[in-house]
Amino acid sequence: MRIFIGLSALLAITVAAPALAEGTASQRAACEDDAYRFCQAQVPDAVAIEKCLRASAASISPACRTELGLASPASETTPPSGGKKRKH
């Protein structure tokens, strides 16, 4: 019985290790909540999660967008401030 429990624990650690190794600590910290909120179906596949987060860029947190190297949606749609246009 002890052998069975030990082997089960070893198997669980071995299966979980690759998922924990994906992404940097700062990426995981910034994007973990977003991954569970928007990409639950892709967990624990890190590549699929990143693709899902990139596809959901308009909805994810600013910190996660920064970690993924994505511009914030507000900066993409905000026109540059140049004052009033002159009539010619």
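Because the structure is predicted, anything quoted here is derived from the model rather than measured. All values below were derived from every heavy atom in this structure, side-chain atoms included, with hydrogens, water molecules and symmetry-related copies excluded.
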Distance in Å, L68 CG paired with C31 SG, rounded so as to fall on 0.5 Å steps: 4.5 Å

Exercise: identify the closest heavy-atom pair between R54 and L70: NH1-CD2, 3.3 Å

Heavy-atom closest contact (F38 atom, S59 atom, distance): CZ-O, 3.5 Å

Residues which pass side-chain contact (heavy atoms from CB on, under 4.5 Å) with A63, listed by chain and number, not counting sequence neighbours: A30, S61

Give every donor-acceptor pair under 3.5 Å between a side-chain atom in residues 39-47 and any protein atom, sequence neighbours left out.
{"residue": "D45", "atom": "OD1", "partner": "V47", "partner atom": "N", "Å": "3.2"}
{"residue": "D45", "atom": "OD1", "partner": "A48", "partner atom": "N", "Å": "3.3"}

Those residues that, when tested against T66, pass side-chain contact (heavy atoms from CB on, under 4.5 Å) (two or more places apart): none

Results of side-chain hydrogen bond (donor to acceptor under 3.5 Å, both in side chains) for S26 - residues two or more places apart only: T24, E67

Validation row: C64, L53 side chains within 4.5 angstrom (heavy atoms): yes

